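Scroll down for the structure; my scribbles are underneath it.
Ligands are counted one by one from 1 in listed order, and the atoms in each one are counted from 1 as well. As the structure is a prediction and not an experimental result, all values here were calculated from the model. Just so it is clear, the values below take in all heavy atoms, side chains as well, and ignore hydrogens, waters and symmetry mates.
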Amino acid sequence: MDLIDAIYARHSVRAYTGQTVGGAIRLQLEALAQELSRAGGLTLSFRWDEPRAFSSPLAHYGKFSQVTNYLVISGRRRKGLEQDAGYYGERIVLEAQRLGLNSCWVATTAKRRLVRASIPEGESLVILVAIGHGENAGVVRRSKVASQVSNVGADTPPWFARAVEAALLAPTSINQQKFHLAFCAGDPGELPGVRLTRRFGPYSSVDEGIVRLHVEIAARDAAGLGPHELPFHWIER
Ligand SMILES: Cc1cc2nc3c(=O)[nH]c(=O)nc-3n(C[C@H](O)[C@H](O)[C@H](O)COP(=O)(O)O)c2cc1C
């Protein structure tokens, strides 16, 4: 399964079977987490076989059951930390999907104080991701349409339409999908630009990073480019 397939296959899953995640899979995810932590300047670390964070009535009310593994994303407070948490965390989410696991981003429905006690000194907890063998693969949820979140149209290239489609498949906090993607044609001989903006909403800066990763993966795939190439450049705000 490629990353693009993982984008289409992924849905939030909150009920898990309790089956332990095998050692080989743990090692692969741990290795990727280490690599991404270095690249992103944050800390992505797994807690395996640790049921306490999701054992509260709040977690059960939030429909979580048998969550015993989760990813913790933390970092030193700085501009862009939340976006990076979304971008690099979603890379782990998609890798987990490729490896046959399921996941759910978790901002509020866990014991944050308990998790906070275990993160590196001087870092802030951004967010968690529950990971494991799901009771099922999750369900397709309602979504905005491309015209609500972008300027996709007859004048925009096919890779942009695919990128917007992948952005609409991105998990967002309370399914808010509060982002907008604008294609901006470049001068002749120059790469076009894409501007990603977010609207105000809880955790919409984490959402922004997640959407950014989906856009890059889909645009690259649709344009037939290599792992580090893109058919556009990001227009930073
Ligand atoms: C930043 C972020 C925070 C989230 N926090 C929670 C949470 O605290 N509890 C929960 O049940 N789901 C949470 N979710 C999952 C969203 O509700 C879910 O991604 C959204 O409804 C879209 O559904 P999908 O992931 O199946 O595409 C969160 C998702 C994101 C991206």
Side-chain angles (χ1 to χ4, degrees), residues 3-16 40 42 44 47 53-75 80-98 101-116 124-132 134-146 148-149 163-181 196 198-215 217-218:
L3 286 172
I4 188 72
D5 303 321
I7 285 178
Y8 284 86
R10 186 217 60 86
H11 307 289
S12 281
V13 170
R14 296 177 179 82
Y16 295 86
L42 37 62
L44 300 158
R47 305 288 182 272
F54 286 84
S55 63
S56 66
L58 182 65
H60 293 250
Y61 177 73
K63 304 245 183 331
F64 285 94
S65 69
Q66 300 216 69
V67 179
T68 55
N69 314 295
Y70 53 94
L71 176 72
V72 178
I73 310 180
S74 60
L81 175 63
E82 283 79 12
Q83 285 88 341
D84 288 343
Y87 184 88
Y88 292 99
E90 182 68 1
R91 181 65 186 78
I92 297 275
V93 161
L94 297 178
E95 196 64 25
Q97 191 76 39
R98 286 169 94 176
L101 300 178
N102 304 99
S103 63
C104 185
W105 284 87
V106 187
T108 56
T109 355
K111 290 184 183 164
R112 285 179 70 97
R113 198 180 304 159
L114 181 143
V115 176
R116 222 174 260 131
S124 305
L125 173 62
V126 183
I127 197 156
L128 311 178
V129 183
I131 289 189
E135 287 273 9
N136 53 57
V139 293
V140 176
R141 39 81 182 160
R142 90 195 134 69
S143 172
K144 291 184 179 174
V145 295
Q148 289 175 290
V149 299
V164 172
E165 195 177 309
L168 287 167
L169 291 170
T172 57
S173 175
I174 52 172
N175 199 21
Q176 57 191 345
Q177 300 187 302
K178 286 191 171 174
F179 61 85
H180 189 268
L181 288 159
L196 169 60
R198 67 168 189 276
R199 307 218 163 83
F200 182 76
Y203 288 87
S204 67
S205 42
V206 176
D207 295 347
E208 184 187 339
I210 298 174
V211 167
R212 188 175 168 114
L213 182 74
H214 278 219
V215 166
I217 290 170

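Taking every heavy atom of Thr108 and a limit of under 4.0 angstrom, the matching atoms of ligand 1 come to 8 (O). Counting the atoms of ligand 1 from 1 in the order shown, those under 4.0 Å from a heavy atom of Phe64 are 9 (N), 10 (C), 11 (O). Atoms of ligand 1 found under 4.0 Å from any heavy atom of Val106 (numbered from 1 in listed order, with element): 5 (N), 6 (C), 7 (C), 8 (O). Close approach to Ile210 involves these atoms of ligand 1, each under 4.0 Å from a residue heavy atom: 31 (C). Against a heavy-atom cut-off of under 4.0 Å, His11 is close to the following atoms of ligand 1: 26 (O).
For the atom pair OH of Tyr88 and CG of Leu42, the computed distance is 7.5 Å after rounding to the nearest 0.5 Å. Note that the CG atom of Leu71 and the OG atom of Ser103 stand 9.5 Å from one another [nearest 0.5 Å]. A distance of 9.0 Å separates NE2 of His214 from CD1 of Ile4, quoted to the nearest 0.5 Å. Going from atom CG of Leu168 over to atom CD1 of Ile7 covers 11.5 Å, rounded to the nearest 0.5 Å.
Protein heavy atom in closest approach to atom 28 (C) of ligand 1: Trp105 O, 3.4 Å. For atom 9 (N) of ligand 1, the nearest protein heavy atom (residue, atom name, distance) is Thr109 OG1, 2.6 Å. Of the protein's non-hydrogen atoms, Ser12 OG, 2.6 Å is the one closest to atom 25 (O) of ligand 1. In terms of protein heavy-atom proximity, atom 16 (C) of ligand 1 is closest to Thr172 O, 3.5 Å.
Between Glu208 and Arg212 there is no salt bridge, since no side-chain nitrogen of the basic residue lies less than 4.0 Å from a carboxylate oxygen of the acidic one.
With sequence neighbours left out, the salt bridge (charged side-chain N to carboxylate O under 4.0 Å, His left out) criterion links Asp84 to Arg78. Under the rule for a ring pair (Phe, Tyr, Trp, His ring centres under 6.0 Å), the partners of Phe64 that lie at least two apart in sequence or sit in another chain are Phe54.
Which of Arg141, Arg142, Lys63 comes nearest to atom 23 (O) of ligand 1 through a heavy atom is settled by distance: it is Arg141.
Under a 3.5 Å cut-off, the side chain of Glu82 and the backbone N or O of Ser205 do not form any donor-acceptor pair.
For ligand 1, the polar-atom distance check against Ala107 finds a nitrogen or oxygen pair separated by under 3.5 Å. For ligand 1, the polar-atom distance check finds no N/O of Asp207 at less than 3.5 Å from any of the ligand's N/O atoms.
Contacts of Arg14 with ligand 1, taken as heavy-atom pairs under 4.0 Å, involve the side chain alone. Both the backbone and the side chain of Asn175 come within 4.0 Å of ligand 1, counting heavy atoms alone.
Ser204 and Gln176 share no donor-acceptor pair across their side chains, judged by distance under 3.5 Å alone.
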